[in-house]
Number of protein chains: 2
Amino acid sequence: MTTIKEVSRRAKVSMATVSRVLNNTVPVAEETRLRVLEAVEALNYKPNAFARGLVTNRSGGIGVVINEISSPFYSGIVRGIEEVAEAKGLHLLVSSGHAQASLERRAVESLKQRRADALILQLEALPDDDLVRWAQGDTPVIVVGRLIPELAGRCVYLDNVAGGYLATKHLIEHGHRQIAHLAGWLAIKDARDRLEGYKRALDDAGLPFDERLVIAGNFTEEGGQRGAEELLARGRPFTAIVASNDQMAAGALHTFRAHGLRVPEDVSLIGYDDVLFARYLFPALTTIRQPLAEMGRAAARLALAALGAEKPKEVTTRFDPVLVARDSVISTADP
Amino acid sequence: MTTIKEVSRRAKVSMATVSRVLNNTVPVAEETRLRVLEAVEALNYKPNAFARGLVTNRSGGIGVVINEISSPFYSGIVRGIEEVAEAKGLHLLVSSGHAQASLERRAVESLKQRRADALILQLEALPDDDLVRWAQGDTPVIVVGRLIPELAGRCVYLDNVAGGYLATKHLIEHGHRQIAHLAGWLAIKDARDRLEGYKRALDDAGLPFDERLVIAGNFTEEGGQRGAEELLARGRPFTAIVASNDQMAAGALHTFRAHGLRVPEDVSLIGYDDVLFARYLFPALTTIRQPLAEMGRAAARLALAALGAEKPKEVTTRFDPVLVARDSVISTADP
DNA sequence: CTGAAAGCGCTTACAG
DNA sequence: CTGAAAGCGCTTACAG
């Protein structure tokens, strides 16, 4: 690896000058500049990021911890983050938290130690307190997926209670009265919020809440399958289901089909997220959309603003769930 | 941020000693060790990664460039990489290449500059030459998704010609004679290889190759939809389709349904990849499986071995496509 | 506009 | 087993 010293030697200038032309910090005589650039080119010089970071205390990277990089849901967020970070020449340091407190903590500490310029955290296990404490450190912290009062303005989130409500209300408006809920993993707040929304919608419509119609799953296709099986086994009649995400809805669809039940003729089904494959299921899945990439972009912009790389423009920080009506819900009167 | 100096002061030892207990490089008297540890704890000291990297020339991170982080296909690979890297305490530096030569090159250069300890590269646009040249540098390079003769043993790949062949042969064995192909983006080698496999299988079966039955798509659901539309519009009769990936198959399924065509009764369909949602489509998609996570793990192990963090165990480097028969293919005799 | 020098926070021979 | 010192490769006041 060539160093700045070799470049300075070749260009017959001091190391300081090389540094100046590379970083564009102060004006340098055009002739000198050219000589330096020529040397840089000829020697294929790349500044050592460690040395630079040691003195500037900047890494040029944004640290991201996301629950599960390989899930279509979370990677949609990462994609949005990447898009804007890349445009600013910042790179990403990504870790998965796997919804485990110890892993989440380790990931954040490691990111801080490596001096990520900003942290975008989508954590599931750690309590708000930890986030608040980290946010008090020198590294700007942006929170995805929760609203923490102390950190308002640094949180990008979607109201999942409203989303659960919206989904349930949609079914109620289609005449359904016995509505089951395939809940997500209740250790995750999103799951609890959607359940809460479901309850409120029932309540507002004067419908009783029946816990036998609620199954806690785990946000996976397989969880949806098992949940649907159990629901069927319980024998409580229902005409519609609110699934806590699209993957569980896909699993439920599968199970119903295996049991000879038709969706939506025999049971209406609504998902949550609107991941890419939702519209390719059969029937095309009615669902609640979360604008994942957009949320990721918002988080990245907030991070850029926090670290001063970008003017703090207006950044939408609160997103609303929107209903995407496709073919998996039908009125009870219809068939 | 506390520094090693403050720790050494508190523990009443030299900085060298602090460094020694933290890195476990040489034996340190137990009593001293405890004092140091106490100070580290009390001061909540975290070594500065830049300073450490500057002298060791190691970052403790593995650089990954992958075509598209948010695609279910690629993120499956990343997940495998992450799994083994995490277990070794190495972090990941991830960039997307977006199948563009300039972005791929930029990503790799950036990773090298940041002194990633090893590079795992899944590139689409750059030619083998670039990979070979990089591999000659000081950073170990592992290649995912191609076999480069000069870098054999450092390549994790799956024979896509064999996969395309396998898919096509499966249809032929079910009596199909007019088999169309929804190709992927032909700028990507995987797409070309699968097409090649398709041709060979036809040839081996004595079936003519008809280019009017081949549509070049782009590996997305939407591409599959459009491809299927065009295929229908061309009016050439066909009884089965080989799609170059599952996402395109999902799109085609959608289009056929819209046209009142049933899969598999009217047209058999086989996908490629076996991404998670493949089995949740209706009909459940027959496809060619790629063991993504396993390939990612293999790449990570190769990287660890290359950088000496792990004994070079036996690592499978070549993977075979396997047929997963589900419900989207039927014999021509059957219906 | 440019150079000499200090310093960022570590690790690692070199002595003892 | 431990300490003093050099050095990793940059950037940034400080002078001129």
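Side chains included, hydrogens not; waters and symmetry mates left out as well; all remaining heavy atoms used.
- A salt bridge links B:E30 to B:R33: at least one charged side-chain nitrogen sits closer than 4.0 Å to a carboxylate oxygen.
- Considering only side-chain atoms of A:R52, the nucleotide from D:dT12, C:dC8, D:dC10 that sits closest is D:dC10.
- Donor-acceptor pairing under 3.5 Å is lacking for the side chains of A:N160 and A:R146.
- In this model, the phosphate group of D:dG3 is approached by a side-chain N or O of B:T17 to a distance below 4.0 Å at OP1 or OP2.
- When only modelled atom types and interatomic distance are considered, B:T220 and B:N218 share a side-chain donor-acceptor pair under 3.5 Å.
- A close approach under 4.0 Å does not occur between any side-chain nitrogen or oxygen of B:T3 and OP1 or OP2 of C:dG9.
- Near DNA chain C, meaning a heavy atom under 4.0 Å away, the residues from residues 20-37 of chain B are B:R20, B:N23.
- Under the Watson-Crick and G-U wobble criteria, each requiring two contacts below 3.5 Å, nucleotide D:dA4 is left unpaired.
- What separates CG of A:L54 from P of D:dT12 is a distance of 12 Å, to the nearest Å.
- Taking 4.0 Å as the cut-off between side-chain N and carboxylate O, B:R79 and A:E68 do not count as a salt-bridged pair.
- Between A:K189 and A:E124, none of the side-chain N atoms (NZ, or NE/NH1/NH2) sits under 4.0 Å from a carboxylate O, so this pair counts as no salt bridge.
- As a whole-Å value, the separation of A:K12 NZ from C:dT2 P is 16 Å.
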